[in-house]
Amino acid sequence: MMTHDDNPLPASLEELGIDPEPAHGGSAEDRLLADLTEAQREAVVFGDGPLLVLAGPGSGKTRVITRRIAHLVHRGVPPWRICAVTFTNKAAGEMRARVGALLGIAGPDDAAPEPPRGLIVSTFHSLCARVLRRHVDLLDIPGLTPTYAIYDTTDQRALMKRIIKNNGMDTGNWSPRNVLGAISAAKNELTDAASYAQHAGEFYTRTIAKLYQLYERDLRRANAVDFDDLLMLTVKVLSSSEEARMSVSGRFSHLLIDEYQDTNRAQFVIASLIAQRDDGRRPNICVVGDPDQSIYGWRGADISNILEFEKHYPGATTIALGQSFRSTKRIIGTADTLIRHNTQRRHKDLFTERPEGEPIAVTHCIDERHEAQIVGSWLRSLREKHDLAWGEMAVFYRTNALSRTLEDEMRVTGTPYVIARGTAFYEREEVKDVLAYLRVIANPADDVSLRRIVNKPTRGVGSTTIARVDLLATQRGISLMEGLVEASRGVVEGVSQRAANALERFLTILGAWTGEGSFMGSDVSGSLSELIERVIVESGLETHYQKLAAKHAEAADEDKVENLYEVVAGAKQFEQEYDAGADIAQDPTVDPDGNAAEIPAPPLLAMLRAFLESVSLVADADAVDPTQGAVTLMTLHAAKGLEFPAVVIVGMEEGLLPHSRSRDSISELEEERRLLFVGVTRAMDHLMCTSARTRTHHGVSERTIRSQFFDELPEEHLEINDLAGGWGSGSQRARGWDEGAAIDDNEPRYVPDPEYTSAGALDAEGLPTVGSRVRHPQFGDGVVVAVVRGMDARAKIDFGRVGVKTLILRYARLEFLG
DNA sequence: ACCGGTGCTCTCTAT
DNA sequence: GAGCACCGGT
C-alpha cells in the first residue's frame, strides 16, 4: 500500500523552490503564524487526524486554509499530496494565488506567484470531471467514453422533453423541469435509475422511475453526463474500482474542504473516499464551514454533514472561530440577532473588535423603480462621503429577475456595474450554437447538440427529415449522427433527395474539421482558436448572424457576431493557460511519486475537450471581480464567500425573502434566514436593506408585505426610513416604522414618473394604476390591485365583499374614479 | 421548409 | 416579460 509515510520525504524546501528563510524577518514558519489569533493558529498548526473548523463569517477562514496548506508544505508534506476543494473556480483560483504568495514561488516574469507544482486546488465538479475522464472506462457503462459531453440544464431539458413526448406523455403534466428535479435529487442521494425503480411504489414515483431510466439510456447513447453524474459516477468509480480509488486516495495524504456546510451526500462520500487511509490511521481531512451559512439545502446539501462531522470521524478535533475581522459591531450584532431566530442550529458566539460603525439603513420604498433610485443614490453618497470605489459596493437580491430594474437605474445614472452571471455569456443563442458545433466535433454522439446545429443556419434539413432519421436511428439502435450518414446516401425512406444532398454537404463540412474521422488527425493542423474560427465561418453561422444584424439593425443582433468571436478570444486565452501546463498540474492522476506522468503533447482533441469542460463548469460567482471598478449585482447565493465594504440587500418582502416556496416548512424558512444572514455578513462597513410596497412580478404590479425578517433585526442598530407612506404589514412594530427617521433633504426623493404613475386613475398607456378606485356596473366599487400589460391587458380588482376579480380591460365596462 | 404573428404558461436559488 | 407551441401565409 502506498501511503505518504512510506515515501521517502522528498524534496527539501529549496528543491521545491521554496525559500525557507526569507529575508524579511523571522523564519518562514513565524511569518505564517505571525498575525493569527490563538484559534486560527491552532487550526493552522493542527497535526494529523480529522479537523473541523467552525468558522463564522469574516473569521479568517480562507486565511486559515491557505496558511494551513503552506504550513503543511513547510512541515515536509509534498505539495502534490495535498488536495483542497472549494465550490467555485474563483475561490479555487484565489486560494491557489494566496498559497503561491505564501510560499513565494515566483511565476514567469512579473506574473503572480504560483503555487507549488502538483498542489491541487479545485472545485468538486472539476475534480470529479477529471477523475471521471481518466477512469470512466473502468465503470464499463456502454456508450460512456472519455470523450463524454457535460450536459447543462438546457441540454437536460431538451433531452427530457423529447423523452416525455416520445412516451406519449404531456409535458404540461410532466414538466421536464420537475422530472429532472426529482432525478437530480435522487442522484445527489446516490440513487441510480435501477435502485430508484426498485423503490418506486406509487404511480408518480413509478413514472419518474421510468423517465429516469429512459433519460439515463439516452444520456449514454449521447455519450453525455449531467452535472449530478459528475459526482455520482465519481462515487461509483471510486468505490467500485480499487485502481481508481488508489489513484486518488493513495496519492493524497491531506484533504481540505471549504464551505463544508454545502456538501451533499455525494460530495460527502467522495470526501470520505479520498480521505480514506489504508494504514489504519485516521484520515487527514480538514473541513471548514459554517452551519449558519448553509444555503444549498434545495440542491441536496446536507447540513448534518458538518453538524455530525465528529460522529463521522470519531476523535475529530473541533475549533470554532467566532471573531469577525470583517464587519462592524453593528453589522455583526444585526446578523447575530437575526440568526438567533433559527431553532435548528448549533450556536456560536459572534464578536468583533472592529468599531461600532454606522447603523444599518433600512428603507421602505414605493415600488421597485423607487427602490432602485434609493439604492443608486445611497451608493453615490458613499462614494462622495466615504470615498468608496464602485468596486467596493455590491447589491444582492433573492432572484435574478430583480436585477433588471437595478440595471436600468445604473444605466440611466451612468453608474458602472457588472452582473455576476458568469454563465450568462454561454447561455446566449449564438454562443450555444458555436459550442454545439464544437461539441459535435468532440463527440459525434452528442444528440442534443447535433439537433441544434444540423439545420442552423438553415440548410434545408427540416423537422420532417430529422423525424425520419430519428425513427431509423431508434429502430436500429444507432446514434443520430450515424442515421444522418445513412440518410445522406439517399437510401432512407421518406428522406428526399434534396434533403439527402443537404445532409451530405453538412457532413462534408464536419468531416473537414475532424480530419474525416481520424479525429484531429495529424494532418489537421492548427490551434483550437483557429479551429473555432473555421467553424464560425464555414458553418455559415457568421453569415447567418451578419444577415440577421443587417435585417433588424438592432444592437443586440450586432453583438451576436461579436460574441461569436468572443468565443475565439476565450479559446486563445485558454490555449495559453493550457500550454502553461495548468492541465498537468491539476491532473490528480499524477503518479504517487509526484512525477507528472508522461503526457504527450496535447492533441487538438484533448484541448478541445478540456476547453468544453471548462466552459461547462463556469459558475456565476466566478465572474466577480472587484478590480473592475464597478458595482457588483448578484444573487444572495452567489454572494457566499465574498465581502464588500458596502452592501445593499433589496427586495426584502414576504414571498421574495423569505421566498414563497419556503412558506410551509420551518427548515426552508430557516434557510431563507440563513440566506439573509449570509447577505448581511458580506458587509464590512455599510449595509442597507430595502423593500418596495408594490412590485411588478410576472408582468403584474402587486402590493407586497414587508419581510418578517425586518422584525428580527435589532432596532437599536437600524436607521429606518419609511418612504412608502406608512405602509406596514399591520403587525408587530407598525407604529415604530411609521415614525421612521425623517427623509434626508440631500436624498433625492422619488419623483413620480407621469408615464408610470400618473396622479389620475389611468397612466399614459390608458391602463389603470395600481391603487386607483374603479366602479363596475355589476360588482360595484373596487380598488385596482394589479395590472397585467400586453396584448390583452388585464386588471386584478378587489371589489371588497364580492372578492377579487380579474377583468380584461378591453371588454370590462369600468369607470375610473382616480 | 421557413418565417412571423399570436396567444398561452410559468416564472428561485446553481455546479 | 420571456419562452414556447401552434398556425397560416409564402
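For clarity, every value in this text was computed on a predicted model and none was experimentally measured.
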Aromatic ring centroids of His637(A) and Trp298(A) under 6.0 Å? yes

Go through it in stages, so that I can follow the logic: the residues are Gln267(A) and Leu231(A), the test is side chain to side chain contact (heavy atoms under 4.5 Å, CB included), and I'd like the CA-CA distance, side-chain angles, deciding distance and then a yes or no. CA-CA 7 Å; Gln267(A) 288 159 328; Leu231(A) 304 179; 3.9 Å; yes

Using atom [atom1] of [X] as one end and atom [atom2] of [N] as the other, report the distance to the nearest whole Å.
X         : N       : atom1 : atom2 : value
Glu427(A) : dG3(C)  : CD    : P     : 11 Å
Glu368(A) : dG1(C)  : CD    : P     : 10 Å
Glu671(A) : dC12(B) : CD    : P     : 16 Å
Leu132(A) : dT15(B) : CG    : P     : 20 Å
Asp226(A) : dT15(B) : CG    : C1'   : 11 Å
Glu429(A) : dC4(C)  : CD    : P     : 11 Å
Gln156(A) : dT15(B) : CD    : P     : 14 Å
Lys187(A) : dT15(B) : NZ    : P     : 18 Å

Pairs under 3.5 angstrom only: tabulate donor-acceptor contacts from the side chains of residues 178-187 of chain A to other protein residues two or more places apart or in another chain.
unit_1	atom_1	unit_2	atom_2	d
Asn178(A)	ND2	Ser175(A)	OG	3.2
Ser184(A)	OG	Asp228(A)	OD2	2.9
Lys187(A)	NZ	Glu216(A)	OE2	2.9
Lys187(A)	NZ	Asp226(A)	OD1	3.4
Lys187(A)	NZ	Asp226(A)	OD2	2.8
Lys187(A)	NZ	Asp229(A)	OD1	2.8
Lys187(A)	NZ	Asp229(A)	OD2	3.2

Is any side-chain nitrogen or oxygen of [X] closer than 4.0 Å to OP1 or OP2 of [N]?
X         : N       : result
Arg661(A) : dT11(B) : no
Thr635(A) : dA14(B) : yes
Asn455(A) : dC2(B)  : yes
Lys161(A) : dA5(C)  : yes
Asn400(A) : dA14(B) : yes
Arg498(A) : dA1(B)  : no
Lys165(A) : dA5(C)  : yes

Does the pair Lys560(A)/Asp433(A) count as a salt bridge with the N-to-O cut at 4.0 Å? no

Could you tell me whether Lys432(A) and Asp155(A) have a side-chain N and a carboxylate O separated by less than 4.0 Å? yes

Distance check, rounded to the nearest 0.5 Å: Leu211(A) atom CG versus Met169(A) atom CE? 4.5 Å

Over all strands shown, is [X] touching base, sugar-phosphate only, or nothing at heavy-atom distances under 4.0 angstrom?
X         : value
Tyr296(A) : sugar-phosphate
Asp228(A) : nothing
Ser463(A) : sugar-phosphate
Ser616(A) : nothing

Tell me whether His659(A) is stacked on the nucleobase of dT13(B), counting only the six-membered base ring and applying the 5.5 Å and 30° thresholds. no

Does the ring of Trp298(A) lie flat against the base of dT13(B), closer than 5.5 Å centre to centre with planes under 30°? yes

Quick one: on DNA chain B, does Arg398(A) or Thr465(A) contact a more 5' nucleotide (nearest heavy atom)? Thr465(A)

First encountered from the 5' end of DNA chain B, between Ala499(A) and Glu672(A): Ala499(A)

Thr464(A) has its side chain closest, among dT15(B), dG1(C), dA1(B), to dA1(B)

